[in-house]
Protein chains: 4
Amino acid sequence: MAKLQKSKDKREALVKATICLVNNDGFHAAPMSKIAKMANISPATIYLFFEGKQDLVNQVYIEVKASFSDYAFETFTDDMDVEAGFELIWKRIAHFKLKEREEAMFLAQCDNTPMIDEPSRKEGIKHLQPLLDLWHRGKEEGVLKPVSDYLLYAYSINPLSFLMLAQHRGECVITEKTIIEAYQAAWDSIKL
Amino acid sequence: MAKLQKSKDKREALVKATICLVNNDGFHAAPMSKIAKMANISPATIYLFFEGKQDLVNQVYIEVKASFSDYAFETFTDDMDVEAGFELIWKRIAHFKLKEREEAMFLAQCDNTPMIDEPSRKEGIKHLQPLLDLWHRGKEEGVLKPVSDYLLYAYSINPLSFLMLAQHRGECVITEKTIIEAYQAAWDSIKL
Amino acid sequence: MAKLQKSKDKREALVKATICLVNNDGFHAAPMSKIAKMANISPATIYLFFEGKQDLVNQVYIEVKASFSDYAFETFTDDMDVEAGFELIWKRIAHFKLKEREEAMFLAQCDNTPMIDEPSRKEGIKHLQPLLDLWHRGKEEGVLKPVSDYLLYAYSINPLSFLMLAQHRGECVITEKTIIEAYQAAWDSIKL
Amino acid sequence: MAKLQKSKDKREALVKATICLVNNDGFHAAPMSKIAKMANISPATIYLFFEGKQDLVNQVYIEVKASFSDYAFETFTDDMDVEAGFELIWKRIAHFKLKEREEAMFLAQCDNTPMIDEPSRKEGIKHLQPLLDLWHRGKEEGVLKPVSDYLLYAYSINPLSFLMLAQHRGECVITEKTIIEAYQAAWDSIKL
DNA sequence: TATGAATGAGATTTCATTCAT
DNA sequence: AATGAATGAAATCTCATTCAT
């Protein structure tokens, strides 16, 4: 049990290190040796947990995406009305991005880069289903614009990633007020 | 003259090859040797035009960003009223992204990655000034929401990049109808 | 322990190979790959011990210089009178140059070339202090000419390097008789 | 004639550039392209004057050595008595090294490095014959120690190179007084 | 004669991965 | 399970040299 714990700790450290290095230097400047050093383990040990670098990144992506989705939908139930449900989910997402900046940044980079392979990307997206269902209902009820989910996502969810990145580069600061304004913009863009 | 032309051609080929390879494989999987091969020149020749790989990518970014901005603002004059001006610029941007998919993709990846260094990023952003001026006017006139430019950009411009990427991955198709819907979402998100 | 030993052996082999190749071909014709091959290791392994080629050469220089100085001053104590002390040191130096031809040759090349960077050169020279102290005393006692240490070194110590090089090129042979004659010349040049 | 002059100028510029760069960076850091740039000609043009880099360096060596020897022996005639003749030559050599620092430095580096090939080295040494003849006479007359020419050279001539190098590195300054002291040391080391 | 452009060959260095322990 | 050492393969970059003009 203690051993198993230690093993989990190592894996956890690896995941953290990967996120941190990829965020700051990009995939191409995050060598395995650096990741290992930052996680305080030997490079060779990485291969006990992951098949290789691609697998490491893929798995980190999937896990972070899952943790992101879990957070986003934790308080949501599908009996909520569409606007309330959307606001709830949106705010949870925004909160996650503020609270878990490192993980959010990592996802943003993964989503705009050929860094993750297709199967893993698909796997990561699956968790968004509750939101898609909600949107489906919203369109049926005439609350949301009758446009594709990609469009809804592009306008109501994805902009948060852009704001995150800008903040990370020190170009702007995201405050509580920003969040309120952003939600308004998000909702305005998709509501009918 | 003929020589100069040939030299320009080589540079041009290099730029094209860089865009293409980075789009498909990412910065880390676009080695100089591959870029050279695709441009049909010797790897050594790259260094006649660029100081190194970082410089190559930086310069390509700046050039593509400039060509993007030139296109976006070509028909815009600052005597237009805010909504008309915005629609004009927005549609030019959308058109550019449809027409020059490769270049647009490249920009999307650069803008979401620590691939480009800070000075080059700054250089690339400078060209957006006319849009920022228009927004400034829009806020003064009470046509636009009184929020930061980053927010306006995140909600009205950036979503197009997301749609581009999704299309590139084969997840969705962008049609004329999509563009109309997208414009509506964009304008709804920022108009007062 | 066995492992550590092996690691030290590799480093040792690298140092030996560097000295040998630089002696015969010069810095510019001693590529890392050749050095690695001669030391029977992979080129990549060099970088486990040294930061790069410049660091490799610098460190080899410092080590050889230290080993040279250690030998030169091993039997010297500062209670010896000046002439006896000088003769002792001089002969040790001469002996070192005859015995450790490779190392002596290497030092000669380093000392006459912009091959070693300034800090390392300074580091290497530090070890000569006992000789400088002896000379200081010699000048005070009126045994040595009241001239700068550089002059004393140039005339009493450095000529040995020239003879070494000439012998290495096959131009002359250094015998015991040569050493005796050389010492006489050295002493004559600096004694008052 | 004008053309011939221009051609000679180019060659001259090449020689100067080679000396300068090798002095400051060493043979290994004096690429043909840098030499060409410093001489204000195209790299290709070097090959109109020299067969390649090795040939360039060899020829520069031979020329500088010849110019050095010419200067050294210009005022010497073999009817002088040994001490006077030696003093004359020695002082001319010292003067050359002070006056033509760049060229002297270059020779010092060539003489301690596997930079020059054997035939060229031999060629360069030939010019020293008058000094060797003088020494031969000096030994016969019992004025000089009966030791090999290499020893005489090592102790009476070569030390000047060491002083030059030390001065170039900024470690010491050679003044008129230094020259007088150095001559004394030189003569003391070889006179019987 | 002179050159700017171009390059093949090779130098240095990096890195994902493996292996002996 | 865990690792430090080691490395093959490949990446970036340099340079002496050549070629078309």
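Sequence lines set the chain letters: A, B, ... in the order given, protein chains first and strands last, and positions in each chain run from 1.
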Given dA6(F), dA6(E), dT13(E), identify the nucleotide with an atom nearest to the side chain of K10(B). dA6(E)
Would a distance-only check, ignoring hydrogens and angles, find a side-chain to backbone donor-acceptor pair under 3.5 Å from D117(A) to N58(A)? no
Rounded distance (Å) that lies between atom P of dT3(E) and atom CG of N40(D): 10 Å
Ignoring backbone atoms, test whether T45(D) places a side-chain nitrogen or oxygen under 4.0 Å from the OP1 or OP2 oxygen of dT3(E). yes
Salt-bridged, D111(C) to R169(D), with N to O below 4.0 Å? no
Under 3.5 Å between N/O atoms: give me all the protein pairs with nucleotides 9-11 of chain E, atom names plus distance.
none

Separation of dC15(E) C1' from Q54(A) CD (nearest whole Å): 15 Å
Take the protein atom CZ of F49(A) and the nucleotide atom P of dT3(F), then report the distance between them rounded to whole Å. 8 Å
Do Y47(C) and M32(C) have side chains that approach each other closer than 4.5 Å (heavy atoms only, starting at C-beta)? yes
Would you confirm whether R121(B), through its side chain, and C110(B), through its main-chain N or O, come within 3.5 Å as a donor-acceptor pair? yes
Y47(B) has its side chain closest, among dT12(F), dA6(F), dA6(E), to dT12(F)
For I35(A) and dT17(E), give me the distance from atom CD1 to atom C1', rounded to whole Å. 13 Å
Length of the CG-C1' vector between L48(D) and dA2(E), whole Å: 6 Å
Write down the atom of F27(B), the atom of Q109(B), and the distance for their closest heavy-atom approach. N-OE1, 4.1 Å
Using modelled atom types and a 3.5 Å cut-off, is there a donor and acceptor pairing between side-chain atoms of T18(A) and backbone atoms of L14(A)? yes
For M105(B), does its backbone N or O pair with a side-chain atom of E100(B) as donor and acceptor, under 3.5 Å? no
In this structure, how many angstroms lie between the P atom of dA5(E) and the CG atom of D9(B), rounded? 14 Å
Would you kindly give the NE2-to-P distance between H28(C) and dT14(F), to the nearest whole Å? 19 Å
Among K16(C), K8(C), K10(C), whose salt bridge (Lys or Arg N to Asp or Glu O under 4.0 Å) with E12(C) holds? K16(C)
Length of the CD1-P vector between I46(C) and dT13(E), whole Å: 9 Å
Parsed dot-bracket for DNA chain F after applying the Watson-Crick and G-U rules with both distances under 3.5 Å and | for other-strand partners is .||||||||||||||||||||
Any donor-acceptor N/O pair, K65(D) side chain to E123(D) backbone, under 3.5 Å: no
